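Notes to accompany the following structure.
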There are 2 protein chains.
Amino acid sequence: MKISTRTRYGVRAMIEIARGEPDRGVFQKEIAINQSLSLKYLDHIIHALKTARLISNAKGKKSGYILTRKPSEITVFDIHRAFEPGICLVDCLSGTYKCDLSHGCMARGFWGELNNLILSYFRSVTLDDLMNRRVNLEDGLLSEDLKREEAQ
Amino acid sequence: MKISTRTRYGVRAMIEIARGEPDRGVFQKEIAINQSLSLKYLDHIIHALKTARLISNAKGKKSGYILTRKPSEITVFDIHRAFEPGICLVDCLSGTYKCDLSHGCMARGFWGELNNLILSYFRSVTLDDLMNRRVNLEDGLLSEDLKREEAQ
DNA sequence: CTTTGTCCTACTATTCTTATAGGATTAATA
DNA sequence: TATTAATCCTATAAGAATAGTAGGACAAAG
């Protein structure tokens with residue numbers, strides 16, 4: 001279970017664009033340098049974000065990118081959706097999937113709940129929250145928990 | 001972001017073993033049939049579960065498997081850990097990783113929180129909960145949300 | 001008319017997952 | 001004791017997905 005780098009880079013690119021001066025757009029090259037990303041790979045990321053209508057060109061093709069909405073109106077879910085069709089941790093959660101466990105799978109509900117958990121989280125955090133670090137509050141707990149993980 | 005089939009199968013295998021009669025163990029073949037899994041692939045799953053000391057042979061090698069602990073004392077986290085070293089959605093959350101973003105990455109905390117969220121969830125649900133479907137309560141919400149997902 | 005940045009397609013390399021194969025070992029049992 | 005059935009263990013292959021590179025077309029600014 002990993003977050004894809006395209007989604008991760010996408011979030012970072014969006015933050016970078018959001019941080020840009022209000023009077024001008026942000027160039028791909030600027031994002032690449034500030035976020036230490038390959039210019040060529042970032043190309044794909046930007047393309048996806050644009051297709052998802054989260055960003056647009058500031059003025060013509062040579063004036064960088066700006067957000068199409070306010071940072072407070074763009075959630076991580078929106079960004080994620082630019083790269084993945086949706087959140088589906090387990091195939092059997094999608095409607096089309098046909099499972100042959102007739103007597104009812106006891107695990108399905110569990111995964112569905114987790115799916116909801118992640119979905120809610122993605123929907124609840126905006127680009128504005130990220131920039132103001134409103135999600136870093138429990139950083140202490142985080143490192144503590146992860147250390148315990150790694151110790152194993 | 002997908003849950004690996006080995007973890008999924010592992011959970012289902014554990015449920016199957018937990019459901020076994022108290023006086024005898026459950027055979028691999030039984031699990032394979034009841035859960036529609038390949039006997040050979042299940043072989044690996046069982047092996048991992050055994051290495052993690054979650055299951056053991058009932059009596060000698062030919063009497064199937066039993067749980068080493070009560071279902072209420074085995075969490076999904078325990079099962080997951082039998083297959084993956086831990087939960088780490090993003091490499092930069094691990095201590096050893098060196099990131100070159102000197103000015104502090106604004107996304108890291110966000111992913112860390114999600115990591116914690118999943119970790120807590122895994123730790124909070126036991127095999128006993130799964131068997132008694134205590135996680136299926138919000139099934140309605142689940143399907144509703146997923147349908148909205150798929151509609152996009 | 002050159003440079004710079006965006007746009008777009010194709011391709012490759014690598015990694016990971018999922019599985020299968022084949023056989024060794026052990027224990028019950030006929 | 002020979003047979004069967006189950007576990008145990010290693011190797012490997014097939015496949016998909018991801019991450020990243022390459023190359024160039026196009027548009028606009030200087």
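Here the structure is a predicted model, which is why all the values come from computation and not from measurement.
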- Message: Minimum heavy-atom separation for Cys88(A) and Leu93(A), please, with both atom names.
- Response: SG-CB, 4.2 Å
- Message: Using the side-chain contact (heavy atoms from CB on, under 4.5 Å) criterion, which residues pair with Ile3(B)? Sequence neighbours excluded.
- Response: Met1(A), Leu89(A), Val90(A), Trp111(A), Leu114(A), Thr7(B), Arg8(B)
- Message: If I compare all heavy atoms of Gln35(A) with all of Arg12(A), which pair ends up nearest, and what's the gap?
- Response: O-NH2, 2.6 Å
- Under 4.0 Å between a side-chain N/O of Asn57(A) and OP1 or OP2 of dC7(C), yes or no? yes
- Message: Let me check the geometry of the helix from dC1(C)-dG30(D) to dA30(C)-dT1(D). What is the bend angle between the axes at its two ends, five pairs each, to 10°?
- Response: 10°
Donor-acceptor contacts, no H, no angles, side chain residues 46-58 of chain A, under 3.5 Å, sequence neighbours left out:
unit_1, atom_1, unit_2, atom_2, d
Lys50(A), NZ, Asn57(A), OD1, 2.6
Thr51(A), OG1, His47(A), O, 2.8

- Are Lys29(B) and dA5(D) close enough that a side-chain N or O sits under 4.0 Å from OP1 or OP2? no
- Message: Rounded to whole Å, please give me the gap between CE in Met1(B) and P in dT17(C).
- Response: 15 Å
- Task: Quick one: list whatever passes side-chain contact (heavy atoms from CB on, under 4.5 Å) with Asp43(A), sequence neighbours left out.
- Result: Gln28(A)
- Which atoms form the tightest heavy-atom contact between Arg123(A) and Thr75(A), and what is the distance? O-CG2, 3.3 Å
- Closest approach of Arg24(B) to Ile66(B) (non-hydrogen atoms, all atoms of both residues): O-CG2, 4.3 Å
- Task: Spell out, as yes or no, whether a donor-acceptor pair under 3.5 Å connects the side chain of Arg108(A) to the backbone of Cys92(A).
- Result: yes
- Rounded to whole angstrom units, what separation is found between the CD1 atom of Ile45(B) and the P atom of dC9(D)? 16 Å
- Message: Students often mix this up, so state it plainly: with edges at 30° and 60°, are the rings of Phe110(A) and Tyr121(B) parallel, tilted or perpendicular?
- Response: parallel
Tabulated below should be each protein N or O lying under 3.5 Å from an N or O of nucleotides 18-22 of chain C; please produce it.
unit_1, atom_1, unit_2, atom_2, d
dT18(C), OP1, Thr5(B), N, 2.9
dT18(C), OP1, Thr5(B), OG1, 3.2
dT18(C), OP2, Thr5(B), N, 3.2
dT18(C), OP2, Thr5(B), OG1, 3.2
dT18(C), O5', Thr5(B), OG1, 3.0
dA19(C), OP2, Tyr9(B), OH, 3.4
dT20(C), OP2, Ser38(B), OG, 2.9
dT20(C), O4, His44(B), NE2, 2.5
dG22(C), N7, Lys40(B), NZ, 3.2
dG22(C), O6, Lys40(B), NZ, 2.3

- Item | Nucleic acid contacts of residues 58-69 of chain B, taken as heavy-atom distances under 4.0 Å to DNA chain D | Lys61(B), Lys62(B), Tyr65(B)
- Item | Between dT15(C) (C1') and Lys2(A) (NZ): distance, integer Å | 13 Å
- Query: When hydrophobic residues are tied together by side-chain contacts of less than 4.5 Å, even through go-betweens, does Phe27(B) share a cluster with Ile15(B)?
  - Reply: no
